[in-house]
2 protein chains.
Amino acid sequence: MATIRDVAKRAGVSVATVSRVLNQNGYVNEETERRVRQAMKELNYKPNEVARALFKKTSKTVGLIVPDITNPFFPELVRAVEDVMNIYDYTVILCNSDEKVEKEREYIEVLKQKYVDGVILTTNQLAPEEVEEWDVPIVVLDRPLHERYPSVVADNYEGARLATRHLYEVGCRRIAHIQGPNHVVNAMERFRGYQDEMRALGLGDRQLVIQGNYQLKQAKEAVMAALAEHDMDGIFAGNDAMAVGALKAVQQCGLRVPDDIAIIGYDGIPLTEMTTPELSTVSQPIYEMGAMAARILIKQIEGKPLEKLHYQLPVQLMVRQSTSRRKTT
Amino acid sequence: MATIRDVAKRAGVSVATVSRVLNQNGYVNEETERRVRQAMKELNYKPNEVARALFKKTSKTVGLIVPDITNPFFPELVRAVEDVMNIYDYTVILCNSDEKVEKEREYIEVLKQKYVDGVILTTNQLAPEEVEEWDVPIVVLDRPLHERYPSVVADNYEGARLATRHLYEVGCRRIAHIQGPNHVVNAMERFRGYQDEMRALGLGDRQLVIQGNYQLKQAKEAVMAALAEHDMDGIFAGNDAMAVGALKAVQQCGLRVPDDIAIIGYDGIPLTEMTTPELSTVSQPIYEMGAMAARILIKQIEGKPLEKLHYQLPVQLMVRQSTSRRKTT
DNA sequence: TGTCTATGTGTAACCGGTTACACATAGTAT
DNA sequence: ATACTATGTGTAACCGGTTACACATAGACA
């Protein structure tokens, strides 16, 4: 690979001049610039980003820490981040934390050593104090961390109320909620939305909460068990995977969806359109969330002011077959 | 951040000595080493990977180019690569190429400028000649590129024969194949497997090929159209997404799966266990493929010899509800 | 006693860029 | 004519590591 000195020699100028041409700063004579560009082309010169990073303390690279890319919620998010970063000539280092603080810390350490310009973080685990001393710009995605850090989340509370009300409106009166893990903030917000809406609908004392962990299998079993003991005609699952679990459980018990039990999920991952019946869900603007987080991070990196620190995006009720039945109200 | 010079000063030694301690090479007195380590701890010193990369021309970073992380085949693959790389202290830059040569080329260029130590490539588009001059170690994943480059693929041909034979064995005689895109090598191999097996079964003249593009929607429509014109009792889809499309089309036409038409997919993505009925499929060892590609890349980077250049992993027939019917043979 | 080798440490060049500073020239305002 | 400014270019230090080389010391061996 040719270096800047090779180019300088060939063009008969100093490295400083080549650097000026490269970075479009300082004064360079038109004719000189022409010669330099010619030399670059002839040598197929590409500046060494590592050398540049060393001096500038910036690497045109960002870190993206997600719990697990294998979780169907994240690929679209990751894709969005990558797309936006790509436009601005940033490169994305992907990290899977499995929600473990330890791994998160390690990754942050490595990312700092590699001079990443910023980090997008999806976590529940990290205590805000820990983040205090990282001098890298951070944007928190999907799950809020602390006031101080810019965040992009969807409106979990409203979404949950929307879903619960929707079940009510298609005639459900005994509406169960499959709750996500306790340590996950968005799961708790959705749970709160369910509770408040149930009360608002005058069904406060008919609440039925099934404990889930955001996984299909566990949800399926929990719903099987719940079906044996309780009467229900609607299920609001804390995420789509659990909604599929519920769907399977209900069908396996010989009940029909939506006629006997209506089901609605949460997230709006592609999977919801692939089941039979197709799943109603509360759709989060996943791509938009990722893209926005990326744009905010870039603004931070470039030192531009943010209009807002916390962005909450609206969610959308997607009515599909799993809740489409004659209203019995 | 403390630098190596800070550490040297604090420990009362030269930077060379600190570097020796850091890299465990050269002679260092035990007592000196103790002092240096002490100083490192006190200053919370972490070596700057960028400076190191500049001198060593290696960055403990690899590039991973996939067509689209949003395609459900890839998250698990990516996860596997990341897991293995993490063990060996490498970091992964994720790139989505959308199968476009242009994007692939750009990414490779950027990756080289960032001194990545190697690249794992999933592509059909790139001509082997283009790769010729890249001096970075490359491993080709899922789709073979050229003899010269190490590759990890699953046995598409055998898998396709397996799937076709399985449909035959559960009683199907008019077996259709939904073919993947023409430019994708593995789609062609699966197609070939279907053809050969059909002939071997004495059904050579009963072949029915439906053109798909690996997408659910398009496959669904193509199958709808095909159902109107042709008689069939089994469908072997070139991938799982198209199998779901077929499933939907068949159900929408009022036919039963598997009783009227049995369906089998290909890939073994998690989705296949989420449909009703659950989809039979030919399962590729996706995680293992990713992990193996990662291990091979590391061997290459470290200059260790490879036992083999081309690895072909076996696939596994997963019989589920969508092909479970009484045999009519 | 002289030579050789193993051990231990420091100096400074190097990786490939960026940029502060010095210096030169030409044009312009006074 | 003088001073000042805008333009144009080069030298060398710097970013934070690594390592070739020089040098010093001590013990072993002839």
Side-chain angles (χ1 to χ4, degrees), chain A residues 1-40 43-61 89 109-117 135, chain B residues 1-40 43-61 89 109-117 135:
Chain A
M1 286 269 263
T3 75
I4 198 171
R5 287 165 228 270
D6 298 331
V7 175
K9 190 172 292 177
R10 183 164 197 117
V13 297
S14 74
V15 292
T17 301
V18 178
S19 181
R20 285 186 196 107
V21 171
L22 221 47
N23 297 290
Q24 316 256 39
N25 58 20
Y27 295 109
V28 180
N29 181 286
E30 227 174 86
E31 164 59 17
T32 312
E33 171 161 356
R34 217 194 42 65
R35 283 213 324 279
V36 171
R37 292 207 182 278
Q38 178 66 24
M40 284 180 180
L43 295 171
N44 187 26
Y45 169 74
K46 297 276 160 30
N48 179 328
E49 289 299 330
V50 176
R52 200 176 272 197
L54 178 58
F55 189 90
K56 298 249 218 153
K57 299 190 189 312
T58 161
S59 61
K60 284 281 178 182
T61 303
D89 292 324
E109 208 51 63
V110 173
L111 293 174
K112 270 167 66 182
Q113 286 179 45
K114 297 203 174 177
Y115 273 158
V116 296
D117 298 331
D135 32 6
Chain B
M1 287 270 263
T3 75
I4 197 171
R5 286 165 229 270
D6 299 331
V7 175
K9 190 173 293 176
R10 183 165 197 114
V13 298
S14 74
V15 293
T17 301
V18 178
S19 182
R20 285 187 195 106
V21 171
L22 220 49
N23 297 290
Q24 317 256 39
N25 59 21
Y27 295 109
V28 180
N29 182 287
E30 225 174 87
E31 163 60 15
T32 312
E33 170 160 357
R34 217 193 42 66
R35 286 213 322 280
V36 170
R37 292 206 182 279
Q38 178 66 22
M40 284 181 181
L43 295 170
N44 187 26
Y45 170 74
K46 297 275 158 29
N48 179 327
E49 289 299 331
V50 176
R52 201 176 272 197
L54 178 59
F55 188 88
K56 299 249 218 153
K57 300 192 189 313
T58 161
S59 60
K60 284 279 178 186
T61 303
D89 293 323
E109 207 53 62
V110 173
L111 292 173
K112 271 168 66 182
Q113 286 179 45
K114 297 203 174 176
Y115 273 158
V116 296
D117 298 331
D135 32 7

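The analysis underlying the following values was restricted to heavy atoms, covering all of them including side chains, and did not include hydrogens, waters or symmetry mates.
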Please list, by residue number, the residues of residues 4-11 of chain A whose heavy atoms come closer than 4.0 Å to an atom of DNA chain C; answer none if no residue qualifies.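 Heavy-atom contacts with DNA chain C come from A/Ile4, A/Arg5.
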Could you state the atom-to-atom distance from CD of B/Glu49 to C1' of D/dG16 in whole Å?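 Atom-to-atom, B/Glu49 to D/dG16, this comes out as 11 Å.
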Any salt bridge (Lys or Arg N to Asp or Glu O under 4.0 Å) involving residues 1-19 of chain B? Give me the pairs, sequence neighbours left out, ordered by first then second residue. B/Arg10-B/Glu42
Partner set under side chain to side chain donor-acceptor pair (under 3.5 Å) for B/Glu31, not counting sequence neighbours: B/Arg34
Suppose we screen for side chain to side chain donor-acceptor pair (under 3.5 Å). Which residues come up paired with A/Asn29, at least two apart in sequence or across chains?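 A/Asn29 satisfies side chain to side chain donor-acceptor pair (under 3.5 Å) with no residue once adjacent residues are dropped.
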Could you tell me whether the phosphate oxygens of C/dG17, OP1 or OP2, come under 4.0 Å of any side-chain nitrogen or oxygen in A/Tyr45? yes
When you measure from the side-chain N and O atoms of A/Thr32 to the phosphate of D/dG8, is any distance below 4.0 Å, counting only OP1 and OP2?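 Checking D/dG8 against A/Thr32, no side-chain N or O comes under 4.0 Å of OP1 or OP2.
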Does A/Val13 reach a base, just sugar-phosphate, or nothing at all? Heavy atoms under 4.0 Å.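 Sugar-phosphate contact only.
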Please encode protein proximity along nucleotides 19-25 of chain C as a string of B, S and -, counting only heavy-atom distances under 4.0 Å. BB-----
Pair B/Val36, B/Val13 - check side-chain contact (heavy atoms from CB on, under 4.5 Å), show working. CA-CA 8 Å; B/Val36 170; B/Val13 298; 3.9 Å; yes
Can you measure from CE (B/Met1) to OH (B/Tyr45) and round to the nearest 0.5 angstrom? 9.0 Å
Does the pair A/Asp135 and A/Lys112 meet the rule for a side-chain contact (heavy atoms from CB on, under 4.5 Å), with working shown? CA-CA 9 Å; A/Asp135 32 6; A/Lys112 270 167 66 182; 3.8 Å; yes
Return the angle between end axes of the helix from C/dT1-D/dA30 to C/dT30-D/dA1, with five pairs used per end and rounding to 10°.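 End axes: 50° apart.
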Judged by each residue's nearest nucleotide on DNA chain C, which is more toward the 5′ side, B/Tyr27 or B/Lys57?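 Between the two, 5'-proximity favours B/Tyr27.
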So which nucleotide from C/dC15, D/dG17, C/dG10 ends up closest to the side chain of B/Ser14?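 The answer is C/dG10.
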List the steps and the verdict of side-chain contact (heavy atoms from CB on, under 4.5 Å) for B/Thr58 and B/Arg52. CA-CA 8 Å; B/Thr58 161; B/Arg52 201 176 272 197; over 6 Å; no
